[in-house]
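Here's the structure, in structure tokens; my notes come after.
The structure displayed is predicted, hence computed values, not measured ones. Letters A, B, ... mirror the listed sequences (proteins, then strands); counts begin at 1. All values below were derived from every heavy atom in this structure, side-chain atoms included, with hydrogens, water molecules and symmetry-related copies excluded.
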Amino acid sequence: MLSEDTQNQEGSSGAEERALAVSCRGVSRDFGVGPTQTRVLHGIDLDIAFGGQTFLVGPSGCGKTTLVSLIAGLLIPTTGRIRVLGKDLQSLSPASLVEFRARNIGFIFQQFNLIPALNAVENAAVPLVVQGRSLSAAVKLAAIVLDRLGMGNYLTYFPWQLSGGQQQRVAIARSLVHNPRIIICDEPTAALDAKSGLAVMALMTELAASPERAVIVVTHDTRIFSYADRTISLMDGRIETSPSSDGQAHS
Amino acid sequence: MWQIALIMLFYDRVKYLGLILGVSISILLINQQVGVFLGLLLKAGAIIRDIPEAGIWVMDPGLKNMDTIFAMRDTELGRVRGVAGVEWAVPYFKSNATIRTPYGNLESSALFGVDDNSLIGIPSNFVMGSAEALRQPEAVAIGRDGYDRIWPGQPLQLGQILELNDHRAVLRAIVVDSPKFTNTVSFYTRYSQALSYTNNGRRQMSFILVKSRSGTSDREVAQQIAKATGLLALTSSEFSWKMILFVFLHTGIPVSIGTVILLGVLVGFCIVGLLFNLFVVENLRHFAVLKAIGTTNRRLLGMVMLQASVAGAVGYGIGLGLAALFFECATRSPNFRGFYLPWQVALASGVIAAGIILLSALWAMRRVLRVEPGIVFRG
Ligand SMILES: Nc1ncnc2c1ncn2[C@@H]1O[C@H](COP(=O)(O)OP(=O)(O)OP(=O)(O)O)[C@@H](O)[C@H]1O
Ligand SMILES: [Mg+2]
């Protein structure tokens, strides 16, 4: 309540920012202390709108993972301000930041990061359980999502019984199951062969991309560039070209 | 989340079983050793407990324990009887005796002689025969456990002839008595009969059993007796404690049992602490994933605590069950009769188990708290 009032006082620019999924202003991030301190990101200004998939590309070590970690609230910026879904992340207490993440952000990782003790459907159900649902109720909903991803026959398989592509589909189900408004994917296809990688991106485009949601994909896998609706290039911690509509998104 | 925590715990079977094993070994050792120790202490006062009629025991001041008895002159009996507040006082004889079994083996035994007239001092619980039967010449009663020792596997029966210190004795009764500290076989007979079986010279009377008049306290009467005779007079509970204290101070038993208990607790701590830490370290990435997905630190700590508690509770149950099984089986043998598992010890060991679990969990928790959720993006 209070935060909305303050945002209203910020005038039209505040209103615009609220319509954005993500907006970064002057964001930089340092690692290390003293003489080893290095600046990884330099004054990033960035807006990401809802709808479609925004690709974040650039050479290794340029700061892509650091940037999405900041957007997800897993890291805190050294300077600057990050708004996600209109919320100023720095204004949130640590506990409410965790809760904000639980409700609004889905993750897909290069290493899948499934929990080996849980079977496919239990893994996909985790975000709902984190939100406070019982495991049995969460599993029912997760089964529907897995089914849509073509994994209906593998619900009770454990991660080690699944191929990389199948594991990544379970991870996609986990990122979608609680219907978050932002999905962050860090190199979702890097650990997959070309065919599985393309299949995963096709599923992402079909199921994840929606006008209500922003999907951010960090990648340097050129094979999947055609799935980008927008591309942001990062070079040595700076945005190379202002975010531009790619226009020639895949059909 | 608690279900997920438990699935994670049970999934790592080796560590889960290791945790259970660590806790249960500790619990088993603590309960078994303390139970045996308390059983021994109880045995130290067995003879006293078997004669509840006697509120006061009078003895030579030099007496240390039941096996090194300085006998008194018979004339002391009259002096004790003359003390105000004494309702009755009877002689009581205890000595070691050698018995030749029907199979020709020699077995050491304890021989108790009780007042010829009143027969005070014979255990009151008769399996066969009666106190009156002991009035017959050469009559002895035997403790139930002793019977099994001398006639193993044979049905209970009376009338057998025995050789007690080379003298003839006839079995006239079988009684239930408390297990003694040293001897398994106990014989009970009349005082005069006991003297004829042994030859202790002028000093023959081991104890004088006294009952105080109603309206007087055992403590006061005991003090009167001590003042009048110069003998040591103790109430039965004081005497029991004296015997227990002897075990504590003059045998190696408390130290050796204490060492075993300490080792048990230490080993439990090490196994459980290390294994649980390993479990958490191996799951650290998964805890980080849960953190990234939006699990609060408090929830994660709850999960870790639950995992430790469940492993601890199961281990405690198994350890206690094994200890109970030990006492159940062991006490079937006459050598172990009287050992038991007091609930207070079971409870106290539960507190120790909880301590082991809590410290192990706290140690491992630091890592869970510190893990950066950002590591989930790294390979
Ligand atoms: N926790 C950290 N501590 C110190 N330095 C870090 C940390 N995280 C990242 N860095 C440094 O920041 C720089 C950018 O790292 P980042 O992981 O964001 O790059 P990236 O663009 O994701 O690279 P890649 O494509 O290889 O994944 C690197 O030089 C890295 O060494
Ligand atoms: Mg990266």
Side-chain donor or acceptor of A:Arg103 paired with backbone N/O of B:Gly294 under 3.5 Å
no
How long is the gap from CD on A:Glu99 to OG1 on B:Thr295, to the nearest 0.5 Å?
12.0 Å
Taking atom OH of A:Tyr154 as the centre, does the number of heavy atoms from other residues, nucleotides or ligands within less than 6.0 Å exceed 12?
no
Using non-hydrogen atoms and a 4.5 Å limit, figure out which bit of B:Arg298 sits close to chain A: side chain, backbone, both or neither.
neither
Let me know if A:Ile105 has heavy atoms under 4.5 Å from chain B in its side chain, its backbone, both or neither.
neither
Report yes or no: does A:Asn113 contribute a side-chain atom to a donor-acceptor pair with the main-chain N or O of B:Val289 at less than 3.5 Å?
no
What part of A:Glu122 is in contact with chain B, defined as an atom under 4.5 angstrom from a non-hydrogen atom: side chain, backbone, both or neither?
side chain
Which heavy atom in B:Ile293 sits nearest to a heavy atom in A:Arg174, and how many Å separate them?
CD1-CD, 3.8 Å
Could you tell me whether A:Asp30 atom CG has more than 12 heavy atoms of other residues or ligands within 6.0 Å of it?
yes
Atom pair OG1 (B:Thr296) and CG (A:Leu97), whose distance is rounded to the nearest 0.5 Å:
12.0 Å
For A:Leu74 and B:Ala292 the tightest heavy-atom approach is CD2-CA, 3.8 Å
Between A:Pro180 and chain B, with a heavy-atom cut-off of 4.5 Å, which part of the residue counts as in contact: side chain, backbone, both or neither?
neither
Taking atom CZ of B:Phe269 as the centre, report whether more than 12 heavy atoms of other residues, nucleotides or ligands fall under 6.0 Å from it.
yes
Over all atoms of both residues, closest heavy-atom pair of A:Arg101 and B:Lys291
NH2-O, 2.9 Å
List the steps and the verdict of side-chain contact (heavy atoms from CB on, under 4.5 Å) for A:Val129 and B:Gln3.
CA-CA 9 Å; A:Val129 179; B:Gln3 283 164 304; 6.0 Å; no
Atom CD1 in A:Ile115, atom CD1 in B:Ile7: separation rounded to 0.5 Å?
9.5 Å
Name the option with the most non-hydrogen atom pairs under 4.5 Å to chain B; the candidates are A:Pro116, A:Ser175, A:Ala95.
A:Pro116
Within 6.0 Å of CG in B:Leu362, more than 12 heavy atoms from elsewhere
yes
Would you say that more than 12 heavy atoms from the other residues, nucleotides or ligands in this model lie under 6.0 Å from the CZ of A:Arg39, or not?
yes
